[in-house]
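Convention: sequence-line order gives letters A, B, ...; per-chain numbering from 1. Here the structure is a predicted model, which is why all the values come from computation and not from measurement. Atoms considered below: every heavy atom in the structure, side chains included; atoms not considered: hydrogens, waters and symmetry mates.
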Amino acid sequence: NAGVTQTPKFRILKIGQSMTLQCTQDMNHNYMYWYRQDPGMGLKLIYYSVGAGITDKGEVPNGYNVSRSTTEDFPLRLELAAPSQTSVYFCASKGQGAYTEAFFGQGTRLTVV
Amino acid sequence: DAKTTQPPSMDCAEGRAANLPCNHSTISGNEYVYWYRQIHSQGPQYIIHGLKNNETNEMASLIITEDRKSSTLILPHATLRDTAVYYCILLLGETSGSRLTFGEGTQLTVNP
């Protein structure tokens with residue numbers, strides 16, 4: 001199994017540009033999450049989804065949008081990129097059941113200049 | 001969700017046991033204690049979790065005090081590859097999508 005796959009691994013954006021970070025999982029997990037991690041800090045939750053068609057905001061949703069049209073995919077959209085969105089972004093998925101483990105992708109390193 | 005407190009950093013000699021403490025004095029009765037680690041900016045990796053009883057798997061042991069206000073993650077024979085940031089997280093089951101709330105964690109450095 002590939003697990004959780006994120007693309008791209010690296011990206012440089014100019015201020016005001018838009019992009020979509022892709023995340024796909026092949027474990028048929030209902031729960032999916034997007035986190036961002038700034039240097040030296042812990043991960044902060046941006047958005048999450050408990051199933052196809054259902055999304056909800058996390059701690060730091062401003063400047064981002066998500067959609068969940070299928071179980072496998074959970075793309076994160078950045079509109080009007082700002083330098084404050086320079087960060088490493090992690091996608092994660094988790095199976096049904098309260099106490100299963102979450103699996104994380106390897107991250108997307110985004111720089112906004 | 002209840003908060004956790006961890007020391008910002010710890011050192012351990014290679015081959016010795018690494019004991020990582022976590023304080024969670026406001027934990028509620030049905031919150032589980034989870035441990036994840038993050039090696040050099042890779043995606044976090046699950047280690048172990050527990051509710052009341054001590055737990056052991058192939059990676060580590062988790063000791064939870066009887067009052068559940070603190071816990072200790074034990075890596076029995078630390079290796080250089082165990083150098084990572086270790087996160088202690090409380091999880092309230094299906095509530096709010098089983099979200100993981102990460103703190104700052106403990107930077108464990110295993111020295112040769």
* Kindly indicate whether the side chain of A:Phe90, heavy atoms from C-beta on, has any atom under 4.5 Å from the side chain of B:Gln38. => yes

* To do: Under the side-chain contact (heavy atoms from CB on, under 4.5 Å) rule, what do B:Tyr36 and A:Phe104 come out as? Steps first, then yes or no, please.
  => CA-CA 11 Å; B:Tyr36 281 76; A:Phe104 285 79; 4.0 Å; yes

* Please report the closest heavy-atom contact between A:Arg109 and B:Ser41, naming both atoms and the distance. => NH2-CB, 4.1 Å

* Does one hydrophobic cluster hold both A:Met32 and B:Tyr46, with members joined at side-chain heavy-atom distances below 4.5 Å? -> no

* **B:Phe102 with A:Leu76, same ILVMFWY side-chain cluster at under 4.5 Å** => no

* B:Leu51 versus chain A, the contacting section by heavy-atom distance below 4.5 Å -> neither

* To do: Taking atom CD1 of A:Ile12 as the centre, report whether more than 12 heavy atoms of other residues, nucleotides or ligands fall under 6.0 Å from it.
  => no

* Side chain, backbone, both or neither of A:Leu45 within contact of chain B (heavy atoms, under 4.5 Å) -> side chain

* To do: Under 4.5 Å heavy-atom distance to chain B, tell me which part of A:Phe103 shows up: side chain, backbone, both or neither.
  => neither

* Got a sec: does the CZ of A:Arg77 have more than 12 other heavy atoms crowding it under 6.0 Å? -> yes

* What part of A:Gln6 is in contact with chain B, defined as an atom under 4.5 angstrom from a non-hydrogen atom: side chain, backbone, both or neither? -> neither

* Give, for atom CD of B:Glu104 and atom CE of A:Met41, the distance between the pair rounded to the nearest 0.5 Å. => 4.5 Å

* Establish whether A:Val88 and A:Val66 are linked, either directly or via other cluster members, by ILVMFWY side-chain heavy-atom contacts under 4.5 Å. => no

* About how many Å separate NE2 of B:His49 and CD of A:Glu101, when rounded to the nearest 0.5 Å? -> 9.0 Å

* To do: Flag yes if A:Tyr89 and A:Ile15 sit in one hydrophobic cluster, no otherwise; membership is Ile, Leu, Val, Met, Phe, Trp, Tyr, and two members link when side-chain heavy atoms are under 4.5 Å apart.
  => yes

* Treating Ile, Leu, Val, Met, Phe, Trp and Tyr as nodes and any side-chain heavy-atom pair under 4.5 angstrom as an edge, say whether B:Tyr86 and B:Ile63 lie in one connected cluster. => no

* Structure fact -> All heavy atoms of A:Leu43 vs all of B:Tyr87, minimum pair found to be CD1-OH, 4.2 Å

* Structural part of B:Gln107 lying under 4.5 Å from a heavy atom of chain A -> neither

* Interatomic distance, B:Arg99 atom CZ to A:Tyr35 atom OH [nearest 0.5 angstrom] -> 8.5 Å

